[in-house]
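Computed from a predicted structure; not experimentally measured.
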Amino acid sequence: QNLQILSEKIKIAPEHIIREYCEMIILQAFSETNLTKKMIFYGGTALRLAYNGPRFSEDLDFLMTEEISAKELKTILEEICKKYTFISLSEVIMKRNTLFALIKILHPALKHPRHIKIEICKKKNGIQAEYRLLHSQCSNFSPLIRTITLLSLEKAKIAAIKGREEPRDWIDLWFLANLQRKQFEP
């Protein structure tokens, strides 16, 4: 019932609210460990939660700045799963230069399970970061997470557009330009 009320109030589908709530649970848990010192939050979800971006994203992307083991990540995620029984851990593996985890959401309000991908890639040179409080209308959590700066995010989105033609990158770039009061030129 509360989910439906929130959905109508903020005009967001219930499944997006549940996913973002789960993302905030994970980010809060990360902020309570030293993991946040070892990585930088970036990408579409970072844009939404750190800078109030308009677009929902379905994964949590990070850049690794210090070594993080699969065991370290798995331990933190398993603790989350113990506390929140509608969240389960499907896998944690190292794929080439990326530490990858897949979270399964089995919330009673969902008709079908949803997933959250967590990808922690080796750091890309030149990415600047700052600690930011993350916010969401879908959660009461406000984790303090090391997050990519607006300028670095803008550069990353421009690079992404050169390598792929995804509408989401154009939406993000338009939002970044407006946020920085810059003229948007596609």
Side-chain angles (χ1 to χ4, degrees), residues 12 16 19-20 22-24 26-31 33-70 72-73 76-77 90-103 114-139 142-186:
I12 296 171
H16 292 305
R19 181 191 310 277
E20 190 162 288
C22 292
E23 289 171 347
M24 292 296 284
I26 294 164
L27 291 163
Q28 182 66 38
F30 287 176
S31 76
T33 70
N34 72 346
L35 201 61
T36 184
K37 295 176 186 173
K38 298 179 178 184
M39 59 189 189
I40 299 168
F41 187 34
Y42 82 109
T45 307
L47 183 60
R48 177 166 175 78
L49 300 177
Y51 300 103
N52 201 27
R55 187 178 65 77
F56 278 88
S57 184
E58 297 188 357
D59 52 8
L60 297 172
D61 295 314
F62 299 90
L63 300 171
M64 191 182 306
T65 57
E66 292 180 39
E67 192 61 36
I68 300 169
S69 70
E72 183 179 5
L73 179 60
I76 293 166
L77 294 174
S90 296
E91 67 178 328
V92 176
I93 57 171
M94 181 62 85
K95 288 183 174 180
R96 289 180 237 141
N97 290 323
T98 302
L99 185 54
F100 174 84
L102 187 64
I103 301 293
R114 299 286 191 249
H115 294 89
I116 297 172
K117 288 188 302 180
I118 300 171
E119 295 181 331
I120 308 173
C121 304
K122 299 285 183 184
K123 184 181 179 202
K124 297 174 184 169
N125 292 332
I127 298 294
Q128 299 297 311
E130 61 190 358
Y131 279 90
R132 295 194 58 93
L133 277 176
L134 307 182
H135 299 282
S136 167
Q137 292 178 298
C138 305
S139 165
S142 290
L144 182 64
I145 298 285
R146 196 161 69 139
T147 305
I148 191 169
T149 62
L150 282 176
L151 185 59
S152 286
L153 190 51
E154 181 180 40
K155 288 178 183 177
K157 284 295 172 180
I158 290 169
I161 286 170
K162 290 178 181 176
R164 63 182 185 211
E165 285 290 326
E166 292 286 339
R168 67 178 184 235
D169 296 319
W170 288 104
I171 292 167
D172 292 346
L173 199 54
W174 168 83
F175 177 76
L176 286 164
N178 281 298
L179 191 61
Q180 298 174 85
R181 298 187 184 348
K182 292 182 179 179
Q183 182 70 31
F184 178 68
E185 298 178 23

Task: Y51-F175 aromatic ring centre distance below 6.0 Å - done: no

TODO: Report the C-alpha separation of E154 and L151 in whole Å, then their side-chain angles, then the decisive distance to 0.1 Å, and conclude whether the side chain to side chain contact (heavy atoms under 4.5 Å, CB included) test is met.
DONE: CA-CA 5 Å; E154 181 180 40; L151 185 59; 3.8 Å; yes

Open item on the list: Just verifying a value: how many Å separate L134 CG and Q28 CD, rounded to the nearest 0.5 Å?
Closed with: 9.0 Å

TODO: Determine yes or no for a side-chain-to-main-chain donor-acceptor pair under 3.5 angstrom, with T45 supplying the side chain and D59 the backbone.
DONE: yes

- [ ] Please name the pair of heavy atoms, one in D61 and one in G43, separated by the smallest distance, quoted to 0.1 Å.
- [x] OD2-CA, 4.4 Å

- [ ] Given side chain to side chain contact (heavy atoms under 4.5 Å, CB included), test T98 with F62 step by step and report yes or no.
- [x] CA-CA 10 Å; T98 302; F62 299 90; over 6 Å; no

Open item on the list: If you count every heavy atom of other residues, nucleotides or ligands that lies below 6.0 Å from R164 atom CZ, does the total exceed 12?
Closed with: yes

Task: Separation of L150 CG from L179 CG (nearest 0.5 Å) - done: 5.0 Å

- [ ] Kindly check if the number of other-residue, nucleotide or ligand heavy atoms within 6.0 Å of CD (Q137) is above 12?
- [x] no

Task: Nearest-0.5 Å distance that lies between atom CG in L49 and atom CD in E20 - done: 5.0 Å

- [ ] Taking all non-hydrogen atoms of both residues into account, name the closest pair between R19 and S57 and its distance.
- [x] CD-O, 4.1 Å

TODO: Looking only at non-hydrogen atoms, find the nearest pair between G44 and D172 and report the distance.
DONE: CA-OD2, 4.2 Å

Task: Under the side chain to side chain donor-acceptor pair (under 3.5 Å) test, residues paired with R146 that sit two or more places apart - done: T65

Task: Closest heavy-atom pair and its distance - I145, T36 - done: CA-OG1, 3.7 Å

Open item on the list: Given 3.5 Å as the limit, does a donor-acceptor pair link the side chain of S136 with the main chain of C138, or not?
Closed with: yes

Open item on the list: Just checking E130: does its CD atom have more than 12 heavy atoms from other residues, nucleotides or ligands closer to it than 6.0 angstrom?
Closed with: yes

Open item on the list: Working to the nearest 0.5 angstrom, can you tell me the gap between I116 CD1 and L60 CG?
Closed with: 6.0 Å

Open item on the list: For a quick test of reading the model, state the closest non-hydrogen atom pair linking V92 to A70 and the distance between them.
Closed with: CG1-O, 3.6 Å

Task: Chi angles and distances behind the side chain to side chain contact (heavy atoms under 4.5 Å, CB included) call for L47, L176 - done: CA-CA 9 Å; L47 183 60; L176 286 164; 3.6 Å; yes

Task: Spacing of L153 atom CG and I40 atom CD1 [to the nearest 0.5 Å] - done: 11.5 Å

Open item on the list: Checking side-chain hydrogen bond (donor to acceptor under 3.5 Å, both in side chains) between K38 and each of E72, E66, E67, which is the one that passes?
Closed with: E72

Task: K117 atom NZ, over 12 foreign heavy atoms within 6.0 Å - done: no

TODO: Check for a donor-acceptor pair, side chain of R132 on one end and backbone N or O of A50 on the other, with a separation under 3.5 Å.
DONE: yes

TODO: Give the minimum heavy-atom separation between I93 and E91, together with the two atoms involved.
DONE: CD1-OE1, 3.7 Å

Open item on the list: How long is the straight-line distance from CZ of F41 back to OG1 of T147, given to the nearest 0.5 Å?
Closed with: 6.5 Å

